[in-house]
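Please read the structure below before turning to the comments.
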Amino acid sequence: MNMARLSAIAALSVALTAASATHAAFPLELEDGLVLSGFLRRSSLFDLAASNDDTSGCLQLQSGNEGFYLFGPTANGVFFSQDGCGSKVVLNKCEFAKAPELCQQVYSCSDMTGRSRCLSFDKPTPSTTANTASPLKTSTASTRSTRSTSTASTASTASTTSQTEHRTPYPAIPPKYPSEWPAEACSASNCQAPDCACSGMTSSPGGLALKDTPQFVMLTFDDAVTEQAYNDYFKPLLASMPNNPNGCPASATFYVSHQWTNYRLVQELYQQGHEIGSHSISHPWAGHWDEEVQGQREILSTFAGVPQSEIVGFRAPYLQQGGDEMWTSLAKNGFLYDSSKPTERYHDPGMFPYTQDFETKQECVIGYCARKAYKGMWEIPLTDWDNDQHGLFAMVDEYIPRDRADALKYLRRNFQRHQQNRAPFPLYLHYYWFLDRPWLFQAFRDFVVEIAGRPETYFVSQRELLEWMKDPKPLHRMGEVEALGCAYKPPGLPACSKDQEQECIYTHPVLHNEIIMWTCQACPRNYPWMGNPRGQ
C-alpha cells in the first residue's frame with residue numbers, strides 16, 4: 001500500500017481523536033500537515049491532501065445536504081449521516097471503510113447547501129462489530145414508542161385495493177432488462193416515438209417549428225418533505241403559480257427521501273396533482289439500489305397512499321449514478337425514467353430527454369453511467385446552469401446569489417438561454433436554498449410567476465413532459481395532451497387532515513437516535529427501513 005495513503009489515514013485518525021469538541025473554519029489543519037482545503041469542485045468535493053501535494057494519497061470529503069462522505073484509496077465510501085445543520089451525526093456505512101478507526105461520532109455544521117462552513121469532532125467511540133454492520137442487517141429499530149396527534153382512529157387505513165380504484169391514463173410499464181448497445185448510431189430511421197428518442201437532440205421533437213414548441217418548465221424539489229418545507233416554501237410557491245395556458249393547473253415533481261419526511265404532506269402534494277418520485281431511503285452515496293429505490297417506493301405507497309404504479313421516476317442522491325447496476329434495478333422494478341445526469345456539453349443550447357436504446361452522446365460527469373441499452377427507459381438530463389462569472393452548476397441551488405437583483409439576473413439569464421431552442425427548462429433545487437434568505441425565496445417566486453404568465457410556458461411534472469415527448473403536439477393542440485388535461489384525478493388515497501396525522505416515534509435502526517415519521521396510516525411496528533420498508 002502507498003505510504004502516503006497510510007500516512008493520510010493515520011493522520012486523519014489522530015486528528016479525529018485529538019480534536020475534542022473544537023470548531024474550526026476552513027482550512028482545517030490536521031495532524032502531519034494535512035489540511036482540509038476549502039475550495040469547491042463541481043461535485044462539491046473538498047480535498048484532504050498531504051502538504052506535499054501528493055494527490056496519490058489524498059482523501060476526499062464529500063459534503064452534501066445530509067452529511068459527509070470520506071473517499072480515497074483507503075477509506076472508500078465512509079459516510080457521516082447528518083440530522084440537520086449543526087447536530088450530532090454518526091458514521092452510517094462503516095462496512096465500506098478500509099480503516100475501522102474512522103468509525104466514530106463526529107459533529108458537523110453546514111449551511112445546508114452542500115458547502116460546509118465549520119467542522120468539529122467528538123471523542124471517538126470504540127470500533128465494534130455493530131459499528132461495521134451493513135444497514136441491511138440493522139433494518140428494524142431496537143426500541144420503539146409511538147404516539148398519535150389524534151385520539152380518533154384514522155379513516156385512511158384503507159386496503160391496497162382501495163388505492164387503485166381510479167383509472168390512470170398512463171399505461172403499465174413492462175419490465176425491461178439490459179441488452180448490448182446497437183452497433184449503428186441512433187437516428188430518425190431506427191429510433192422513433194413513442195418509445196425511442198435519440199440523445200443529443202437540441203431541436204424540437206416531431207419536427208415542430210420553434211414558434212410551435214411549448215416551453216416546458218420542470219420544477220423539482222429533492223429530499224425530505226418536512227412541515228417547514230411545505231408550509232414555508234412549497235405551499236406558498238405552488239399557490240402563487242397561475243394555471244398553464246390550457247387552463248389546467250401547473251405541476252411539479254418531488255423526489256422524496258425517507259428520513260424525517262411527513263407522509264401526510266406527501267399525500268397532500270400528490271393529490272394536488274404533483275408527481276412523487278423516489279429519492280432513496282437513507283440518501284446514500286450509491287449501492288443497494290433495490291433496497292433503496294424500490295424500498296422508498298414501497299414506503300411512499302404504504303404511508304402516503306401513492307400507488308406504486310404512479311411512482312416511476314428516480315433521482316440519485318448527490319446525482320451519483322450507479323451505472324448498469326442502478327439501471328437494471330430501475331428496469332426490473334418498472335421505473336420509467338431517471339433524472340440524475342448533469343450535462344455541460346449540452347447546456348447551450350439545452351437538450352431534450354432521450355431513451356436508453358442507444359449509446360448516449362451525453363457525457364458522464366458524476367458517478368458511473370450505463371454501458372448497456374435499456375429500451376424505452378428515459379433519461380431527463382440536468383442541463384447545467386451558468387452565471388456571469390462563467391460558473392457551471394448542475395442544479396439551481398449550487399450558486400448562492402449575492403442579493404435579490406443578482407438572483408433575478410441569474411434566473412432570467414438561464415431561462416433566456418433555453419428560449420433559443422425551447423429545450424425543457426430545469427428548475428431543480430432543494431428548499432434549503434431559501435433558508436435564512438427570505439429575499440431569495442421572494443425573488444424565486446416572482447420569477448416563477450413571471451415566466452408562468454407567458455403564452456408558451458407550461459409548468460409540468462417530469463412524467464408529464466415524457467408523455468408529451470412520446471407524441472409531441474404544437475402549442476395550438478396542447479388541449480389534446482391527455483396527461484396535461486384538467487380532468488385527471490390521481491388514483492390512490494385521498495388527502496387527509498392534520499387531525500388524522502399519526503406521529504410515530506422510533507429509535508433509528510442505524511444511528512440509534514430518536515427518529516419520527518408522520519403519516520395518516522397506522523404507525524408500523526418498526527421504523528421502515530431497507531429490507532423492511534413496511535416496518536413489519
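The structure presented is a predicted model; accordingly, all values stated were derived computationally and were not measured.
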Hey, are the side chains of [X] and [Y] touching, using non-hydrogen atoms and a 4.5 Å cut-off?
{"X": "L429", "Y": "L219", "answer": "yes"}
{"X": "D195", "Y": "T355", "answer": "no"}
{"X": "P533", "Y": "R297", "answer": "no"}
{"X": "S329", "Y": "M326", "answer": "no"}
{"X": "S203", "Y": "N421", "answer": "no"}
{"X": "V312", "Y": "L466", "answer": "no"}
{"X": "Q294", "Y": "Q308", "answer": "yes"}
{"X": "E456", "Y": "Q419", "answer": "yes"}

### Query
Ring centroid separation for Y399 and W385, is it under 6.0 angstrom?
no
### Message
Parallel, tilted or perpendicular, judged at 30° and 60°: which one describes the rings of Y410 and F393?
### Response
perpendicular
Filter on disulfide bond (SG atoms under 2.5 Å apart), then keep only pairs touching [range], sequence neighbours left out; what's left?
{"range": "residues 198-317", "result": "C186-C198, C248-C486"}
{"range": "residues 302-414", "result": "C364-C369"}
{"range": "residues 384-450", "result": "none"}
{"range": "residues 251-358", "result": "none"}

Under 3.5 Å donor-acceptor, [X] side chain and [Y] backbone:
{"X": "H274", "Y": "A252", "value": "yes"}
{"X": "N246", "Y": "L484", "value": "yes"}
{"X": "H418", "Y": "N414", "value": "yes"}
{"X": "Q215", "Y": "A423", "value": "yes"}
{"X": "S257", "Y": "I281", "value": "no"}
{"X": "Q267", "Y": "P494", "value": "yes"}
{"X": "T457", "Y": "I451", "value": "yes"}
{"X": "E325", "Y": "G287", "value": "no"}
{"X": "E363", "Y": "R345", "value": "yes"}
{"X": "Q500", "Y": "S497", "value": "yes"}

### Message
S251 vs E275, test: side chain to side chain donor-acceptor pair (under 3.5 Å). Steps then yes/no.
### Response
CA-CA 8 Å; S251 57; E275 181 186 13; over 6 Å; no
Do [X] and [Y] have side-chain N/O donor and acceptor atoms under 3.5 Å apart?
{"X": "D223", "Y": "H279", "result": "yes"}
{"X": "Q420", "Y": "D348", "result": "yes"}
{"X": "Q259", "Y": "S282", "result": "no"}
{"X": "R534", "Y": "T302", "result": "yes"}
{"X": "R315", "Y": "T220", "result": "yes"}
{"X": "Y230", "Y": "E268", "result": "yes"}
{"X": "Y368", "Y": "D324", "result": "no"}
{"X": "Q462", "Y": "Y428", "result": "yes"}
{"X": "S340", "Y": "D338", "result": "yes"}

### Candidates F447, W433, F434 - the one meeting ring-ring contact (aromatic ring centres under 6.0 Å, His included) with F441
F434
Closest non-hydrogen atom pair between [X] and [Y], with its separation:
{"X": "Y270", "Y": "P307", "answer": "OH-CD, 3.7 Å"}
{"X": "A452", "Y": "F459", "answer": "CB-CE1, 3.6 Å"}
{"X": "I366", "Y": "P342", "answer": "CD1-CG, 4.1 Å"}

### Message
Run R404 and D446 through side chain to side chain contact (heavy atoms under 4.5 Å, CB included) and show every step you take.
### Response
CA-CA 11 Å; R404 185 178 186 278; D446 290 347; 2.4 Å; yes
First locate atom [atom1] of [X], then atom [atom2] of [Y], and finally report the distance between them rounded to the nearest 0.5 Å.
{"X": "W439", "Y": "D403", "atom1": "CH2", "atom2": "CG", "answer": "6.5 Å"}
{"X": "Q296", "Y": "T261", "atom1": "CD", "atom2": "OG1", "answer": "6.5 Å"}
{"X": "S204", "Y": "F352", "atom1": "OG", "atom2": "CZ", "answer": "4.5 Å"}
{"X": "M201", "Y": "M469", "atom1": "CE", "atom2": "CE", "answer": "4.0 Å"}
{"X": "T519", "Y": "L265", "atom1": "OG1", "atom2": "CG", "answer": "10.5 Å"}
{"X": "L427", "Y": "T253", "atom1": "CG", "atom2": "OG1", "answer": "11.5 Å"}

### Message
One pair to check against side chain to side chain contact (heavy atoms under 4.5 Å, CB included): E503 and I516. What are the steps and the verdict?
### Response
CA-CA 7 Å; E503 186 179 62; I516 303 175; 3.5 Å; yes
### Task
Could you give me the CA-CA distance, side-chain angles and deciding distance for Q521 and Q502, then say whether side chain to side chain contact (heavy atoms under 4.5 Å, CB included) is met?
CA-CA 7 Å; Q521 319 313 314; Q502 311 294 310; over 6 Å; no
[X] bridged to [Y] by N-O distance under 4.0 Å:
{"X": "E501", "Y": "R264", "value": "yes"}
{"X": "E227", "Y": "K498", "value": "yes"}
{"X": "D386", "Y": "R413", "value": "yes"}

Donor-acceptor pairs under 3.5 angstrom involving side-chain atoms of residues 233-242: please list them, not counting sequence neighbours.
{"residue": "S240", "atom": "OG", "partner": "P236", "partner atom": "O", "Å": "3.4"}
{"residue": "S240", "atom": "OG", "partner": "L237", "partner atom": "O", "Å": "2.7"}

### Message
Under the criterion side chain to side chain donor-acceptor pair (under 3.5 Å), I'd like the reasoning laid out for T360 against Y354: C-alpha separation, chi angles, the key distance, then a yes or no.
### Response
CA-CA 9 Å; T360 178; Y354 60 90; 3.2 Å; yes
#### Entry: Intermediate values then yes/no, side chain to side chain contact (heavy atoms under 4.5 Å, CB included), R463 and E310
CA-CA 10 Å; R463 186 174 184 175; E310 295 294 296; 3.8 Å; yes
### Query
Is the CG atom of D388 crowded by more than 12 outside heavy atoms at less than 6.0 Å?
yes
### Message
Filter on ring-ring contact (aromatic ring centres under 6.0 Å, His included), then keep only pairs touching residues 182-215, sequence neighbours left out; what's left?
### Response
none
